[in-house]
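Okay, so here's the structure we're looking at.
These numbers come from the heavy atoms of this one structure, side chains and all, not from hydrogens, waters or symmetry mates.
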Amino acid sequence: MIRNFTPHDVHLATVAGRVRVPPDGPPARIRQRAVPVGRVAVHDTEIELFDVHDGGVDGLPDPQPGVYLVVPRVVAYACPERRDLVFPYQEVRDENGRVIGCAALGRTLREGR
């Protein structure tokens, strides 16, 4: 079973055709803490620079046997111990180059495996 914890429909290109997986509740998000550390010159102006710290992930239910959660790739990378987190992989594009779905799902590789 697949549940979608992204903020949008996920379209999977399968051998049986396209399958739409709608969002299943609020999307999973990474919490962040940002600390201003200065300014950086950019051409004729400046822009503020922050140190951004990972603050964990919000919006993920506990793992359940046989259930995969589709999440944004950055969420999956923030939780490499969660083997149930998958993200859209191998994008499928239309004739104008727009992403219209994916041909596969990916998951992160835990270190040492």
Would you list the pairs meeting side chain to side chain donor-acceptor pair (under 3.5 Å) in which at least one residue belongs to [range], sequence neighbours left out?
{"range": "residues 37-48", "result": "R39-E46"}
{"range": "residues 59-82", "result": "R82-D84"}
{"range": "residues 21-33", "result": "R3-D24, R31-D58"}
{"range": "residues 6-23", "result": "N4-T6, D9-R20, H11-R18"}

Side chain to side chain contact (heavy atoms under 4.5 Å, CB included) partners for [X], two or more places apart:
{"X": "A104", "result": "Y89, Q90"}
{"X": "V74", "result": "I30, P72"}
{"X": "N96", "result": "D94, R98"}

Should [X] and [Y] be counted in the same cluster of Ile, Leu, Val, Met, Phe, Trp and Tyr side chains packed under 4.5 Å apart?
{"X": "L105", "Y": "V71", "answer": "no"}
{"X": "V10", "Y": "V86", "answer": "yes"}
{"X": "V57", "Y": "V67", "answer": "yes"}

Can you name the nearest heavy-atom pair linking [X] to [Y], along with the distance?
{"X": "P80", "Y": "T108", "result": "CA-OG1, 3.5 Å"}
{"X": "R107", "Y": "L85", "result": "CB-O, 3.3 Å"}
{"X": "C79", "Y": "L60", "result": "SG-CD1, 4.2 Å"}

Minimum side-chain heavy-atom gap F87-C102 below 4.5 Å: no
Taking side chain as C-beta onward, heavy atoms only, is V21 less than 4.5 Å from V70? no
Does atom CD1 of I47 have more than 12 heavy-atom neighbours, drawn from other residues, nucleotides or ligands, at distances under 6.0 Å? no
Which residues end up grouped with [X] if you chain together Ile, Leu, Val, Met, Phe, Trp and Tyr wherever their side-chain heavy atoms are less than 4.5 Å apart?
{"X": "V92", "result": "I100"}
{"X": "V99", "result": "none"}
{"X": "V52", "result": "F50"}

